[in-house]
There are 2 protein chains.
Amino acid sequence: MCAASHTYQFPRPAIAVDCVVFGYSPEGLHVLLLKRGVEPFAGKWVLPGGFLHQGESGDEALKRLLLEKAGIQKIWAEQLYTFTNPARDPREQIISIAYFALVKSMDIEPVAGRDTVEAQWKLVQSRIALGFDHAEILQTALDRLAAKLRWQPVGFELLPPKFTLSELQHLYETILRKSIDKRNFRKKILAMNLLDACDEQVTAGSGRPAQLYRFNAKKYKELSRQGFHFEL
Amino acid sequence: MCAASHTYQFPRPAIAVDCVVFGYSPEGLHVLLLKRGVEPFAGKWVLPGGFLHQGESGDEALKRLLLEKAGIQKIWAEQLYTFTNPARDPREQIISIAYFALVKSMDIEPVAGRDTVEAQWKLVQSRIALGFDHAEILQTALDRLAAKLRWQPVGFELLPPKFTLSELQHLYETILRKSIDKRNFRKKILAMNLLDACDEQVTAGSGRPAQLYRFNAKKYKELSRQGFHFEL
DNA sequence: GCAAAAGTGTTCTTAGTACACCCATGC
DNA sequence: GCATGGGTGTACTAAGAACACTTTTGC
């Protein structure tokens, strides 16, 4: 008996992997978008993505695609949701396993690829119209990011390794869309003992120089195993 | 130019939809399992599932499969995670869009289907060995259920429309794996104003009869829109 | 009348919130 | 010396945790 005799022998939808890549700067939260050079949606902005190859896991495909499309190598990413609406691609049914990713720096040079004429970081708040169902995917990612930020130390993935408390607070305020009391924020985050003060200070133009901190991932893992859970 | 000219023309993985169906009784939390009648994993217990047909969304496939495999019609369900490890099925790459579902009653008669010799409710705690990567899927669903129970009123989906506070508390204790103080639990849940007392009481064998309550989904939606969020 | 489960309040502790001034630097 | 952003402490309030006895029914 053939080993594959019980698998599904009818036409199969194609499988895409798309990724919402977030980047942060003092201006606000950004998404990496590509301008399509080919139909459908030629000239429209879309999320970076591509097809899942056979023998590849979703995570592997994601890694390959981010490297191909944006030259991004090391990155925090996790699966977001799988979009299966048969009408989401006008050509034929293509299901999309969507991921979302956080980069520490927007310095990466997004390179336009084969089907892409341009790549740019766009402010989330600019609400650019997107091709396919990518607006829905982006919204799902935004909701997830805000929820995740509250319960898991993912904010640090959007900042350089060393950052000031003001930068961190501003990031939280931006993503959670609310202002936070400076003293309470500092008290709470420092009380967790997950930030190590560096031997450095940084001065940002004017004003008193700020202490730089570094997130201690090791300590976080240790505490997590002991039942601690992050909350902000 | 052919409309499909830019889609992925290479061999495509098949797409399955699998579902972790939870049911609750005073004995504990149960999962609906099927015993496979065909290779691979003939004789092993697995989660109900099947292939996604072309033109079908994941949610539609889920609905069809639950009806076919278990005669389950109205049910609370949501997408859990998509499992893509190429080795998860020994025949060929089959990605699985996993769902988890909650049923209010385990009275449904799980009917053995074409590839299935038996269907049974099994206690989660019995830790039965499962075929494919279904143990991993089940564990993911358990973690998600526990997390969700704390922040969303999903517990009611596992109870009949009318229930006592003791039943509800016991459900929380079972799924969260910790005991809860009776007075504090009642105070908190009643303070939310989401439970309507029925004009009925029920007596369970011996002991004082208990008040029956009903979850007011309408009120919950209303409050949610006003920024309220459930927490227990 | 006793076994069994339902129901009920108060105190203490902890975490959250609100709030205003001084400090170090660049120009 | 002034503009700019960094840094700090306390009092009040709300929510969570701990805790033991009375009530109603079946047998």
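Basis for what follows: all heavy atoms, side chains included, without hydrogens, waters or symmetry-related copies.
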Taking atom CD of B:Glu231 as the centre, does the number of heavy atoms from other residues, nucleotides or ligands within less than 6.0 Å exceed 12?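 It does: B:Glu231 CD has more than 12 such atoms within range.
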Parallel, tilted or perpendicular, judged at 30° and 60°: which one describes the rings of A:Tyr220 and A:Phe230?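 Plane angle over 60°, so perpendicular.
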Which pairs with one or both residues in residues 127-153 of chain B pass ring pair (Phe, Tyr, Trp, His ring centres under 6.0 Å), sequence neighbours excluded?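 Found A:Trp151-B:Trp151, B:Phe41-B:Phe132, B:Phe132-B:His134.
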Each nucleotide of nucleotides 18-27 of chain C classed B (base within 4.0 Å of a protein heavy atom), S (only sugar-phosphate) or -, in 5' to 3' order, makes BBB--BBBS-
With sequence neighbours left out, write down each residue that passes salt bridge (Lys or Arg N to Asp or Glu O under 4.0 Å) with A:Arg64, or none if nothing qualifies.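 A:Glu56, A:Glu68.
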I want to know whether [X] and [Y] have ring centres closer than 6.0 Å.
X        : Y        : result
A:Tyr81  : A:Phe83  : yes
A:Trp76  : A:Phe100 : yes
A:Phe163 : A:Phe156 : yes

Counting only heavy atoms and a strict 4.0 angstrom limit, can you tell me which residues of residues 189-200 of chain B come near DNA chain C?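 None - not one residue of the stretch has a heavy atom sitting under 4.0 Å from the strand.
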Using the rule given for salt bridge (charged side-chain N to carboxylate O under 4.0 Å, His left out), can you reason through A:Glu136 versus A:Arg88, listing the C-alpha separation, both sets of side-chain angles and the distance that settles it, and then say yes or no? CA-CA 11 Å; A:Glu136 186 188 351; A:Arg88 60 176 295 284; over 6 Å; no
Opening and closing nucleotides of DNA chain D in contact with chain A, under 4.0 Å to non-hydrogen atoms: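 Contacts span D:dT4 to D:dT10, reading 5' to 3'.
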List for me each residue that meets ring-ring contact (aromatic ring centres under 6.0 Å, His included) alongside B:Phe228, sequence neighbours excluded, and say none if there are none.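 None.
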Please tell me which of B:Glu231 and A:Leu212 maps to the more 5' nucleotide of DNA chain D, matching each residue to the nucleotide holding its nearest heavy atom.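 On the 5' side of the pair lies A:Leu212.
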Quick one: B:Arg186 CZ to C:dA5 P, roughly how many Å, whole number?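 These atoms are roughly 13 Å apart.
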Between A:Lys188 and B:Tyr213, which is nearer to the 5' end of DNA chain C once each is assigned its nearest nucleotide?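 Nearer the 5' end of the strand: B:Tyr213.
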Going through the checks in order, is the side-chain contact (heavy atoms from CB on, under 4.5 Å) test met by B:Leu32 and B:Trp121? CA-CA 5 Å; B:Leu32 181 62; B:Trp121 288 104; 3.8 Å; yes
